[in-house]
Amino acid sequence: MTGREILQMIKEKTGLGSSALDTGKGKSKRSKHITHGFHMVKGKSKHAMEDYLVSEFKQQNNVELGLFAIFDGHLGHDVANYLQNHLFENILKEPGIWVDTESSIKNAYRRTDDEILDKSFSLGKGGSTAVTAILKDGRKLIVANVGDSRAVICKNGVALQLSVDHEPSKEKRLIESRGGFVSNLPGDVPRVDGQLAVARAFGDKSLKIHLSSEPDVSILPIGEDVEFLILASDGIWKVLSNQEAVDSIKHIKDAQAAAKHLIGEAVNRKSKDDISCIVVKLQ
């Protein structure tokens, strides 16, 4: 059993995560200049760590795929854990994934959410946001997301956001058309039905009639002007702008060190959330 598998078993039993264990790095075999690193830190809340991630390269039918994802769970870690184990599997099962990529991604997200809702008795009432990225042969990047975890690239030194923050205030009409409402109380963020601070998520069976799990999808060719990719949960984006995040790590060559540094910046700025971060160096 590998160290990663042992860590996974521990997390499944306890739901715990720590910066000492949840950190690592790797590299592409086909394009050795492409490297990735990840780091996770538990926040100040009393509940167990609710984030999970995927950060790896794999071969499929003579194609090298970089698979990267952040799953930010809420009301428990079980849905995020399920996504870690099954979402990419469902995406790569789609017969049209390389032909009609956007539709295939949306089908896989929808199918995975249906599985989670069907298993709600064992997975519980919670949910999770998700941001996923597939790097195909180092040449094409496919990003999808539901919720407020974010994907940002550095292109010629400039930050470019590839994901969409699904905030309740931005989707108020859609939520109301489904019979829900968006609260906006003084001192609090907008929430779906006064509860959830994102407008799209996996799971959340009690709110699902008012929520969507359909992702926004971006497809981008990777040229020499794209320097690196950041995937991170909202614990970073609450305290750092996209450009601030890019600027803070653009001179750090090691991807794992960059991910760790970015989380350190967020903690220094008083972020109290669980934080997960992946950095993929493309040049």
Side-chain angles (χ1 to χ4, degrees), residues 1-11 16-43 49 51-60 63-72 80-81 83-85 87-88 130-143 149-155 159 162-163 222 224 226-233 235-237 240 245-268 271 274-283:
M1 182 176 288
T2 67
R4 186 68 179 167
E5 289 170 338
I6 293 171
L7 171 60
Q8 176 64 25
M9 182 176 67
I10 293 171
K11 289 182 75 173
L16 297 175
S18 72
S19 60
L21 286 176
D22 287 352
T23 191
K25 59 184 175 181
K27 65 172 61 177
S28 162
K29 292 182 179 179
R30 183 167 297 184
S31 303
K32 292 187 178 180
H33 63 282
I34 299 178
T35 61
H36 66 93
F38 63 88
H39 194 68
M40 304 173 76
V41 168
K42 189 186 179 308
M49 179 70 160
D51 287 8
Y52 282 80
L53 61 74
V54 175
S55 187
E56 65 184 11
F57 281 95
K58 68 178 295 182
Q59 297 288 327
Q60 185 181 68
V63 175
E64 184 183 65
L65 302 175
L67 304 178
F68 309 102
I70 301 287
F71 305 116
D72 185 355
N81 182 27
L83 290 168
Q84 181 193 49
N85 292 320
L87 183 54
F88 277 125
V131 59
T132 59
I134 301 174
L135 182 63
K136 184 182 180 187
D137 280 336
R139 299 176 181 175
K140 179 187 288 187
L141 182 64
I142 303 154
V143 169
S149 291
R150 192 178 294 178
V152 174
I153 61 167
C154 175
K155 186 174 183 179
L162 299 183
S163 57
I222 297 300
E224 293 182 358
V226 181
E227 299 160 59
F228 57 86
L229 164 72
I230 301 169
L231 297 184
S233 55
I236 282 180
W237 310 116
L240 288 164
V246 162
D247 288 344
S248 72
I249 64 169
K250 64 184 179 183
H251 299 302
I252 301 176
K253 293 182 179 181
D254 181 77
Q256 181 184 1
K260 188 173 183 178
H261 178 82
L262 195 51
I263 288 182
E265 284 288 307
V267 172
N268 288 340
S271 179
D274 296 343
I275 309 177
S276 302
C277 180
I278 300 168
V279 175
V280 184
K281 291 283 186 174
L282 299 166
Q283 303 297 334

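- Heavy atoms only, all atoms of each residue included: Thr35 and Lys27 are closest at CG2-CB, 3.9 Å.
- With a 4.5 Å cut-off on side-chain heavy atoms, Ile134 and Leu141 do not count as touching.
- Atom CD of Glu224 is surrounded by 12 or fewer heavy atoms from other residues, nucleotides or ligands within 6.0 Å.
- One finds the CD atom of Gln60 at 12.0 Å from the CZ atom of Phe88 (value rounded to the nearest 0.5 Å).
- Taking every heavy atom of both residues into account, Ala245 and Trp237 meet most closely at CB-CZ3, 3.7 Å.
- In this structure, the separation between CG on Leu282 and CD on Glu227 is 9.5 Å, given to the nearest 0.5 Å.
- When side chains are defined from C-beta on, Ile249 counts as touching Ile230, because their heavy atoms get closer than 4.5 Å.
- Closest heavy-atom contact between Glu265 and Ser248: CG-CB, 4.3 Å.
- Annotation: side chain of Phe68 is not in contact with side chain of Leu53 (no heavy-atom distance under 4.5 Å).
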Step by step, would you call Ile236 with Ser271 a side chain to side chain contact (heavy atoms under 4.5 Å, CB included)?
CA-CA 7 Å; Ile236 282 180; Ser271 179; over 6 Å; no
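- Checked by atom type and distance alone, the side chain of Gln283 pairs as donor or acceptor with a backbone atom of Val226 at under 3.5 Å.
- Side-chain atoms of Asp72 and Ser233 form no donor-acceptor pair, as typed in the model, at a separation below 3.5 Å.
- In this structure, Lys42 and Asp274 have side chains that are in contact, with non-hydrogen atoms separated by less than 4.5 Å.
- Side chains of Arg30 and Phe57 form no contact here, defined as non-hydrogen atoms less than 4.5 Å apart.
- Counting non-hydrogen atoms of other residues, nucleotides and ligands closer than 6.0 Å to NZ of Lys136 gives a total above 12.
- For the pair Asn85/Tyr52, no side-chain contact is recorded, criterion being any heavy-atom separation below 4.5 Å from C-beta on.
- When atom types are taken as modelled, the side chain of Asp137 and the backbone of Arg139 share no donor-acceptor pair closer than 3.5 angstrom.
- A salt bridge links Asp247 with Lys250: at least one charged nitrogen is closer than 4.0 Å to a carboxylate oxygen.
- Closest approach of Ala266 and Gly235 over heavy atoms only: CB-O, 3.9 Å.
- We find the CD1-CD1 distance between Ile222 and Ile153 to be 6.0 Å, quoted to the nearest 0.5 Å.
- The nearest pair of heavy atoms linking Ala69 to Leu231 is N-CD1, 3.8 Å.
- A distance-only check finds no donor-acceptor pair linking the side chain of Lys25 to the backbone of Ala257 [under 3.5 Å].
- Expressed to the nearest 0.5 Å, how far CG of Leu67 lies from CD1 of Ile142 amounts to 10.0 Å.
- With rounding to the nearest 0.5 Å, the separation of CD in Glu56 from CZ in Phe38 is 10.0 Å.
- You'll find the side chain of Phe71 reaches within 4.5 Å of the side chain of Leu87, heavy atoms only.
- Considering OG of Ser149 and CD1 of Ile275, their distance stands at 11.5 Å, rounded to 0.5 Å.
- Looking at Asp22, its side chain never comes within 3.5 Å of a backbone N or O of His39 through a donor-acceptor pair.
- Within 6.0 Å of the NZ atom in Lys260, the count of heavy atoms belonging to other residues, nucleotides or ligands does not exceed 12.
- Here the side chains of Ser55 and Gln256 are not in contact, with every heavy-atom distance at 4.5 Å or above.
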